[in-house]
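As C-alpha cells, the structure follows; a few thoughts come after it.
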Amino acid sequence: MDSRYDHTLHEEKTYQLWAGADAFNPDSRPSRTGRRFSIAMPPPNANDPLHIGHAMFIALEDILIRYHRMLGDDTLWQPGTDHAGIETQFVFEKKLAKQGQSRFNFDRETLYQMIWEYVQENSGIAVNQMKKLGASADWSRFHFMLEPELVETVLETFKKLHEAGMVYRDLKLVNFCTRCGTSFSELEVNYIDQQTPLYYVRYPLADNPRDHLVLATTRPEPIFVDTHLAVHPDNPKTKHLIGKKVLNPLTQSEMEIIADEFVDPEFGTGIVKLTPAHDPNDFEVAQRHHLPIISAIDTRGRMTENGGKYAGLKVKKAREEVVKDLQAAGLIEKIDEKYAHRIGTCYRCGTVIEPLPLPQFFIKVKPLVEPVLSALDNDEITIHGAGHDKILRHWLENLKDWNVSRQIVWGVRLPVWYQIDGHERDIIISAAARESGQISDNLYSILKRFSLTEILENIQKITVGPNVPYVISATKPAGNYIQETDTFDTWFSSAQWPFSTLLANEKKHDRDTATSRTDFDRFYPTSVMETGYDILPFWVMRMLMIGKFATGRFPFHTVYLHGLVRDPKGQKMSKSKGNVINPLDMIAKYGADALRMALVIRSSPGLDKSVGETDFRAMRNLGNKIWNAARYVMNAQHQPKTDRSLDEKVASKMPKGDPQFTDKISRLVDTITQQLNDYKIGLAAETVYNEFWHWFCDECIEQNKAGELSDEQLLQGLLTFLKLLHPFVPFVTEAVWQELRQQGVISQDEKLLILSSWPAGKMK
RNA sequence: GGCCGCAUAGUCUCAGUUGGUUAGAGCGCUCGAUUCACAUUCGAGAGGUCCCAGGUUCGAGUCCUGGUGCGGCCACCA
C-alpha cells in the first residue's frame, strides 16, 4: 500500500466495483430486517451540469441510503431528471437567439422535438456527475419526467382532480411575463423595492369640467380603458362623490364613482382609479360591482387596440406619452418622483410582471391543503429544518388557487380539448405558416385558407375564449376538437414524482416478480424527502397536497431540508461575485469523499452551510488518515511483536481483550446509530470524525504500539470504524476494505463494504 | 407591518444530543517533535462576558420574558 491515499486511483474503480455487483439495486438482495427505506431523488434539470447544491443533496441522501442498506432494509434510492419547463425552454431560446432564430420560427411540435433532442444530448452529464459523487442510486430504475409512463400518471391525476370538481377554467388576472411569454403562479413572482413616480392626475367633473378631482396613480398608461373611480363608503371627505360622474382625462368619456371598502381613505387623495384588467385589487372590485374588464396591455407588453393613439406602444413608452399628453392638457397636479413602491418581477428573467386577464386552468387548493395542515397538527409529518415547518404552515394557510397553465411548449400538454363547432370565432390560432410566415387569426377566418389538418400541423398556440366548452381527456375525443396548447406548470408534474416514478417502474420493467409486489406497493410512501428549503413551497408542499389526493397517502412523513451552500465568508455563491465552487474541480483535486464530508460535517437541517477549499483539504486529510490507520493495523497483524516479553505481559493482563475498549466502541455505535435515526447527519459525521481521529488513531493505535491494546481488538476497531465511516466517505473506506481482503486480513466472504452489515451496539 | 430563523474561540466557518463534570471541531496562530501508519503527521500552548437584561431551577450555552443586531419568508394598496 502506498503511504498516501490517492483518490484518483480508487474512486472510479470502486464505483465500477459496486455497479458491477449490482449493489444499488434492491432486487439483488433480500431484506434482512423486513423494513423498507426509500428516497425519491429530487430530479435535477436534465440539461444542467451539477452545482455544489446538488453535491449537498447527493451527499446527504447517499449517507441515509448507505446506512439503511447496511442495516439490511429493503433500500431504494429512486433517481431521475426533470424537464424543468420554463428553465429549459428559456435556455434553449437563448441558444436559438444566438443562431438568429426564435421560437416563433417553429411550430409547436417541431420546437418540442428540438428541445427534446437538446435535452437528450446533455442528459448523460448530470447522471455521470452524480456517479462521480458516489451516488448509490438504482440507475436501472432511472426516469425522465417527460417519459410517456410518467406523463400518463400526470394526466390521470389531472383527470381525477377534474372529476372531483377541483379543476376550473377561469378568466383571472394572472402573473404574466411578457419576455418569457408565459404566466406564472404566485410563487414565481419576485417582489423588489423600487422608487417610481406617483402621478397626481386631475379628473374633470362631468357636470362642471372646470372643476376636478385629483387622485394618485403609479400607472397612468391604461387610463384610457378606465370606466370607474372608487372611494371608501365611510370616508367623510369623499362620501358626497359616490354616484357622481367625472370625465376620463384621456378619452373624455364619463366615469362613475363607486364605493368600495378596499379603498384606503388615508392614501393619496382617498380616490382610486379602477383598472380591472391590470390590477388584482381592481379586478376583484370589478367582479363585486360587475364592472367591465377592458384590456389595455397585451401578452407582449404592448398597448392594445383599445389604446387609440397609444396602441402598439410598449408600456414604458406609453406611460411617457400619456404623462406628456396629460401635462399638456394641464391635468397633472404634481408628481412625487420618489415614491417607494414594490414591484413584481419574473423570477426567471427579472422583467416586470404584468397582471393580465387570461383564461387559465386552476386547481382548487383548499381541499388539498386541509389534509396537510391537519397532518402537521397531528405530527403525522415531521419537518427537520430550523422553523421551516412554520413557513410551510404559513404558505398552506394563505395559498391561492393554483394556476397550472403555462404558455410554453416544453412540458406536459394539458389534456384539454375545445369544441370547435360553433366556436370558430372564439378560437385564435397562431401558426408558423410555411410561406406566409407567422399568422394569427381566429379559426373561422383561417379555415377559409387552410384545412384543419394543415392548421394542426403548423400550430404554435391557441387562445380560446372563456366560454368555449371543453373536455378533459388523455386522448382526442370523437368529433371536432382542438387541443389546448398550454402545458402544465413544471411543479404539477414534479409534485407527483414520488409515485409517478414508482408506478413507471412497474409499467416498464415488471419489478420484483418473485414476491409479486409492485414497486409502488413495495416502496410507497417513501421514507424521507430530502431537499433544499428554497423549494419548500414549490415542491415539498405540492407533493404533500397532490400525493395525498392522488394516492390516498402522503408521499413521505419525514422531510429533511438542507440549507444553501455558501462561500467561506458565508456569502451566497454567484457568478457575478466569482465565488462559485465547482464540485467537479473539487472532486478532481480532493476527491468525492472530501467534498461530501466537507459539505455534510456539522451541517444542520434548515441552516446554510459555508465551505471553502480549506475544508475540502481537511477532509481529504481524513481519507489519508483512514488509509494509514489501515496500513498500520495490517502491518500489526502480519508482524508479531519483536518484544515477546511485552506481548506476554499484555496477554496476561488482558486475556480477553480490554473491556473498556469494547464498551466504548459499542457505545459509539449506539451514538452514531441514534444520530442517524434522528436525522442528525451533520452531528453524526462530526462524531465519527472526532472519535476515529482523536480516539482511535491518537489513543488506541498508540496504546497498541505500547502493547496496551491487542492487535485483534485494534482490527475489530478498524472494521467497525470503516463501517461507521462508510456512508460518509464511501470510496476510501471501500478501497481500504478491498485491501484488507486482498491481504487476507478479513474473510473473502466479506466481498463489499457497501453490502456489509451495520455494526451492532448495545441498544436494541 | 405580520411571521420565522440566527447570535458560542481570532474581524473566520460552525457543532453542542433530555437542563448536569473543566464548553468543542475545522481553518488560522505560537512553540516544539519526527527514519518508528500518516509532514495530507504528532505533541504542547495561546485564544471564550456562550449578544444584552431579567426570570425559572440545586444547577442555564441549553428553558421562559423583554431588548439589540443580522438574515429569510410573506403582506403591504391606486
Side-chain angles (χ1 to χ4, degrees), chain A residues 1-7 186-187 191 193 198-201 215-220 222-223 226 229-231 262-264 266-275 278-282 285 339-342 385-395 397-398 533-534 536-537 563-564 566-572 590-591 594 597-598 601-604 606-636 671-672 674-675 678 680 682-687 689-690 693-694 697-698 701-702 704-705 714 718:
Chain A
M1 274 173 95
D2 296 334
S3 69
R4 288 181 185 186
Y5 172 69
D6 182 351
H7 65 270
E186 55 175 322
L187 305 191
Y191 290 90
D193 287 312
L198 182 64
Y199 305 93
Y200 287 77
V201 182
L215 59 84
T217 180
T218 54
R219 297 209 68 176
I223 282 179
D226 294 350
L229 303 184
V231 296
F262 100 98
V263 181
D264 178 1
E266 303 301 317
F267 186 88
T269 55
I271 309 169
V272 184
K273 77 182 179 70
L274 294 176
T275 311
H278 302 288
D279 181 282
N281 267 324
D282 299 359
V285 177
Y339 176 64
H341 190 49
R342 269 196 113 174
H388 285 279
D389 53 326
K390 287 171 187 157
I391 293 177
L392 174 63
R393 183 180 290 277
H394 186 263
W395 271 108
E397 283 165 354
N398 295 289
Y533 67 73
D534 51 333
L536 175 68
L564 251 56
R566 293 176 179 268
D567 83 355
K569 293 246 153 100
Q571 291 187 302
K572 237 175 172 166
Y590 303 107
M597 194 62 168
I601 194 165
R602 265 165 275 133
S603 72
S604 224
L607 298 180
D608 295 349
K609 172 75 180 169
S610 289
V611 288
E613 276 211 56
T614 56
D615 300 300
F616 302 129
R617 197 180 305 130
M619 292 307 131
R620 188 261 328 253
N621 296 353
L622 171 67
N624 195 58
K625 194 76 181 172
I626 295 169
W627 183 256
N628 275 291
R631 276 178 73 209
Y632 174 84
V633 173
M634 272 189 264
N635 283 331
T671 303
I672 291 169
Q674 193 57 52
Q675 286 169 342
D678 292 344
K680 291 173 176 166
L683 187 56
E686 184 177 21
T687 307
Y689 175 98
N690 283 335
W693 197 307
H694 298 302
C697 293
D698 291 355
I701 289 183
E702 295 309 312
N704 176 269
K705 287 180 190 169
L714 196 67
L718 176 71

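In what follows, every chain begins at residue 1, and chains take the letters A, B, ... in the order their sequences are listed.
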Original post:
What integer number of Å spans the C1' atoms of B/G1 and B/G48?
Top reply: 38 Å
Original post:
Can you tell me how far C1' of B/G72 sits from CG of A/D389, to the nearest Å?
Top reply: 15 Å
**OP:** Classify the side chain of A/D264 versus the base of B/C77 as yes if they form a donor-acceptor pair under 3.5 Å and no if they do not.
**Re:** yes
Original post:
Whole Å only: how far is the OH atom of A/Y533 from the C1' atom of B/C6?
Top reply: 11 Å
**OP:** Name the pairing partner of B/A23, where a pair is Watson-Crick or G-U wobble with both distances under 3.5 Å, or state none.
**Re:** none
Original post:
Under 4.0 Å between a side-chain N/O of A/H694 and OP1 or OP2 of B/C42, yes or no?
Top reply: no
Original post:
Want to settle it: does A/I701 or A/W693 sit nearer the 5' end of RNA chain B, counting the closest nucleotide to each?
Top reply: A/I701
Original post:
Would you call A/Y590 and A/D615 a side-chain contact if the rule is heavy atoms closer than 4.5 Å?
Top reply: no
Subject >> Rounded distance in Å - CD1 (A/I626) to C1' (B/U40) >> reply: 13 Å
Original post:
P atom, B/U18 versus B/A75: distance in rounded Å?
Top reply: 35 Å
**OP:** Check if the side chain of A/K625 and the base of B/C38 share a donor-acceptor pair of N or O atoms closer than 3.5 Å.
**Re:** yes
**OP:** On the 0 to 90° scale, with breaks at 30° and 60°, tag the A/H388-A/Y533 ring pair as parallel, tilted or perpendicular.
**Re:** parallel
Original post:
Taking the side chain of A/R620 as its heavy atoms from C-beta onward, which of B/U40, B/C77, B/C42 lies nearest to it?
Top reply: B/U40
Original post:
In whole Å, what separates the P atom of B/C63 from that of B/A7?
Top reply: 10 Å
Original post:
For B/G47, what is the paired nucleotide under Watson-Crick or G-U wobble rules, both distances under 3.5 Å?
Top reply: none
**OP:** With heavy atoms under 4.0 Å as the rule, sort A/A618 into base, sugar-phosphate or nothing.
**Re:** sugar-phosphate
Subject >> Complementary nucleotide for B/U35 - Watson-Crick or wobble, under 3.5 Å >> reply: none
**OP:** Not counting sequence neighbours, which residues clear side-chain hydrogen bond (donor to acceptor under 3.5 Å, both in side chains) with A/D264? List them please.
**Re:** none
Original post:
For the residue pair A/L215 and A/I271, what are the closest heavy atoms and their distance?
Top reply: CB-O, 3.3 Å
Subject >> Under the side-chain hydrogen bond (donor to acceptor under 3.5 Å, both in side chains) test, residues paired with A/T217 that sit two or more places apart >> reply: none
Original post:
Are A/N621 and B/U41 close enough that a side-chain N or O sits under 4.0 Å from OP1 or OP2?
Top reply: yes
Original post:
For A/I391 and B/C74, what is the distance between atoms CD1 and P respectively, to the nearest whole Å?
Top reply: 9 Å
Original post:
Would one find a side-chain N or O of A/K390 under 4.0 angstrom from OP1 or OP2 of B/G5?
Top reply: yes
Original post:
Considering every strand shown, what is the Watson-Crick or G-U wobble mate of B/G1 when both distances are under 3.5 Å?
Top reply: B/C74
**OP:** Identify whether any heavy atom of A/Y339 sits under 4.0 Å from a base atom; if not, whether one sits that close to sugar-phosphate; answer base, sugar-phosphate or nothing.
**Re:** sugar-phosphate
Original post:
Using atom P of each nucleotide, how far apart are B/C31 and B/G47 to the nearest Å?
Top reply: 16 Å
**OP:** Spell out protein contact along nucleotides 8-18 of chain B as letters: B when the base is contacted, S when just the sugar-phosphate is, - when no protein heavy atom is under 4.0 Å; keep the 5' to 3' order.
**Re:** ----SSSSSB-
Original post:
Starting at the 5' end of RNA chain B, which residue's closest nucleotide do you reach first, A/R219 or A/D6?
Top reply: A/D6
Original post:
What is the nucleic acid contact for A/H388, judged by heavy atoms within less than 4.0 Å: base, sugar-phosphate only, or nothing?
Top reply: nothing
Subject >> From CA spacing to verdict: side-chain contact (heavy atoms from CB on, under 4.5 Å), A/R602, A/K609 >> reply: CA-CA 9 Å; A/R602 265 165 275 133; A/K609 172 75 180 169; 4.2 Å; yes
Original post:
With a 4.5 Å heavy-atom cut-off, do A/R566 and A/K572 have their side chains touching?
Top reply: yes
Subject >> Sugar-phosphate, base or nothing in reach of A/D282, heavy atoms under 4.0 Å >> reply: nothing
**OP:** Output yes when a side-chain donor or acceptor of A/D279 lies under 3.5 Å from a complementary backbone atom of A/N281, and no otherwise.
**Re:** yes
**OP:** Verify, without hydrogens or angle tests, whether A/N628 (side chain) and A/S3 (backbone) share a donor-acceptor contact under 3.5 angstrom.
**Re:** yes
**OP:** Rounded to the nearest angstrom, tell me the gap between atom CG in A/N635 and atom C1' in B/C36.
**Re:** 12 Å
**OP:** Would you indicate whether the side-chain heavy atoms of A/M619 and A/I601 approach each other to under 4.5 Å?
**Re:** yes
Original post:
Under 4.0 angstrom, heavy atoms only, what part of the nucleic acid is A/Y689 near: base, sugar-phosphate, or nothing?
Top reply: sugar-phosphate
**OP:** Using a heavy-atom cut-off of under 4.0 Å over every strand shown, decide if A/W395 touches base, sugar-phosphate, or nothing.
**Re:** sugar-phosphate
**OP:** Rounded to the nearest angstrom, tell me the gap between atom CG in A/D534 and atom C1' in B/C73.
**Re:** 12 Å
Original post:
What nucleic acid atoms does A/E702 come within less than 4.0 Å of, heavy atoms only: base, sugar-phosphate, or nothing?
Top reply: base
Original post:
Nearest-Å distance, CG (A/D698) to C1' (B/C38)?
Top reply: 11 Å
Subject >> Rounded distance in Å between the C1' positions of B/A33 and B/G20 >> reply: 39 Å
**OP:** Starting from P on B/C38, measure out to CE on A/M1 and report it in whole angstrom.
**Re:** 12 Å
**OP:** For B/G24 and B/C50, measure between their P atoms and round to the nearest Å.
**Re:** 14 Å
Original post:
Given B/A37, is OP1 or OP2 found less than 4.0 Å from the side-chain N or O atoms of A/K705?
Top reply: yes
Original post:
Which whole number of Å gives the distance between the C1' atom of B/U8 and that of B/U13?
Top reply: 12 Å
Original post:
What interatomic distance, in whole Å, is found between C1' of B/C38 and the corresponding atom of B/G45?
Top reply: 23 Å
Original post:
Is there a Watson-Crick or G-U wobble partner for B/G54 with both distances under 3.5 Å, and if so, which one is it?
Top reply: B/C64
